[in-house]
Amino acid sequence: AQSVTQLDSQVPVFEEAPVELRCNYSSSVSVYLFWYVQYPNQGLQLLLKYLSGSTLVKGINGFEAEFNKSQTSFHLRKPSVHISDTAEYFCAVGDYKLSFGAGTTVTVRA
Amino acid sequence: EAQVTQNPRYLITVTGKKLTVTCSQNMNHEYMSWYRQDPGLGLRQIYYSMNVEVTDKGDVPEGYKVSRKEKRNFPLILESPSPNQTSLYFCASSLSGRTDEKLFFGSGTQLSVL
């Protein structure tokens with residue numbers, strides 16, 4: 001059985017500072033990895049995904065994530081955040097089914 | 001515009017009063033799914049459908065029903081809602097349901113059961 005752990009439930013950050021959201025997973029087989037973002041009062045939308053190939057994946061809005069197989073991690077990063085990045089971020093892992101983490105709320109302050 | 005449409009956006013009801021949350025997609029997707037989102041628990045799958053007339057239980061199906069009579073529609077039915085079903089509900093769809101596919105989500109339905 002797979003599981004997804006997002007290590008931080010809340011991440012406050014100042015505008016133009018970098019941010020990293022941590023995601024670890026456990027699975028006995030190869031997986032697909034996703035980050036979804038949920039802006040206030042909206043549904044989730046895909047930020048980026050890793051299926052195979054290069055372990056560094058670039059997504060929309062300047063986000064990127066790195067797949068680390070040995071550490072079973074898929075951390076999300078952005079070098080400089082904007083107020084508009086305030087949202088909840090979900091890591092998701094897919095092998096036989098898709099499972100979501102509990103979410104990380106990012107609050108960007110001026 | 002490609003989208004998943006859920007209605008209503010907000011719903012307040014009382015225990016035991018049957019309700020239906022509608023979901024429709026305009027992308028000709030085969031796969032549709034319902035999730036509930038609760039603080040600290042993330043998204044948990046309630047039911048999913050791989051195609052018309054094909055539905056299956058997700059992780060938390062108790063107290064819910066679904067139907068898939070048409071490809072575009074996938075309503076969620078609560079026959080006798082209870083307060084523990086107070087939650088934020090999302091409908092989602094994808095092309096065929098493979099786990100490497102992008103999911104498209106509706107805007108959500110905030111349900112309160114009093």
Side-chain angles (χ1 to χ4, degrees), chain A residues 1-11 21-25 27-53 57 59-60 65 67 74 76 87-106, chain B residues 1-10 21-27 29 31-50 56-61 74 76 87-110:
Chain A
Q2 60 173 244
S3 69
V4 186
T5 303
Q6 291 184 240
L7 295 158
D8 307 289
S9 60
Q10 309 233 8
V11 174
L21 309 185
R22 298 177 293 166
C23 174
N24 286 97
Y25 68 92
S27 176
S28 58
V29 300
S30 295
V31 296
Y32 306 117
L33 298 158
F34 306 81
W35 277 98
Y36 282 84
V37 59
Q38 183 183 20
Y39 297 108
N41 298 312
Q42 295 185 28
L44 283 74
Q45 53 186 284
L46 183 67
L47 260 183
L48 48 80
K49 64 181 179 181
Y50 170 80
L51 302 183
S52 66
V57 180
I60 62 172
F67 170 54
F74 190 55
L76 180 71
E88 189 158 18
Y89 293 80
F90 291 93
C91 180
V93 176
D95 48 25
Y96 304 111
K97 58 174 286 189
L98 188 66
S99 295
F100 286 85
T104 298
T105 300
V106 173
Chain B
E1 180 190 354
Q3 59 184 3
V4 178
T5 303
Q6 284 179 239
N7 282 297
R9 182 73 180 88
Y10 300 94
V21 184
T22 63
C23 175
S24 178
Q25 49 92 7
N26 64 0
M27 296 168 279
H29 284 171
Y31 178 85
M32 298 185 75
S33 179
W34 276 103
Y35 293 87
R36 60 178 288 172
Q37 181 184 1
D38 301 289
L41 298 177
L43 274 75
R44 294 178 293 167
Q45 191 178 49
I46 303 170
Y47 269 94
Y48 64 94
S49 168
M50 298 299 287
D56 211 343
K57 296 178 181 179
D59 299 316
V60 288
F74 190 46
L76 179 69
S87 186
L88 179 58
Y89 291 86
F90 287 102
C91 180
S93 72
S94 71
L95 190 60
S96 65
R98 286 173 33 171
T99 51
D100 62 344
E101 289 176 348
K102 172 183 174 180
L103 276 172
F104 292 79
F105 285 84
S107 297
T109 296
Q110 180 65 59

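All values below were derived from every heavy atom in this structure, side-chain atoms included, with hydrogens, water molecules and symmetry-related copies excluded.
At a 4.5 Å heavy-atom cutoff, the contact between Tyr10(B) and chain A is made by side-chain atoms alone. Neither the backbone nor the side chain of Gln110(B) comes within less than 4.5 Å of any heavy atom of chain A. Contact of Leu44(A) with chain B is made through backbone and side chain together, with heavy-atom distances under 4.5 Å. For a residue to count as touching a neighbouring chain, one of its non-hydrogen atoms must lie under 4.5 Å from one of that chain's; by this rule Tyr35(B) touches chain A with the side chain only. For chain B, no part of Tyr50(A) is nearby; none of its heavy atoms comes within less than 4.5 Å. Contact annotation for Asp38(B): neither backbone nor side-chain heavy atoms come within less than 4.5 Å of a heavy atom of chain A. Interface remark: Arg9(B) contributes side-chain atoms only to the contact with chain A (heavy atom separation under 4.5 Å). Within the 4.5 angstrom heavy-atom criterion, no atom of Gln6(A) approaches chain B.
Heavy-atom contacts from other residues, nucleotides or ligands closer than 6.0 Å to CZ of Arg98(B) number 12 or fewer.
In terms of heavy-atom pairs under 4.5 Å with chain A, the best-connected choice from Leu88(B), Leu41(B), Leu103(B) is Leu103(B).
Taking 4.5 Å as the limit, every side-chain heavy atom of Tyr32(A) sits out of range of all side-chain heavy atoms of Lys49(A). No side-chain heavy atom of Gln42(A) sits under 4.5 Å from any side-chain heavy atom of Val37(A). Residues Cys23(A) and Trp35(A) meet the side-chain proximity criterion, which asks for heavy atoms closer than 4.5 Å.
Side-chain atoms of Gln6(B) never come within 3.5 Å of backbone atoms of Thr22(B) as a donor-acceptor pair (strictly under, hydrogens ignored). Panel note: side chain Gln3(B), backbone Thr5(B); no donor-acceptor pair is recorded below 3.5 Å.
Side-chain N/O atoms of Ser94(B) and Glu101(B) include a donor and acceptor closer than 3.5 Å.
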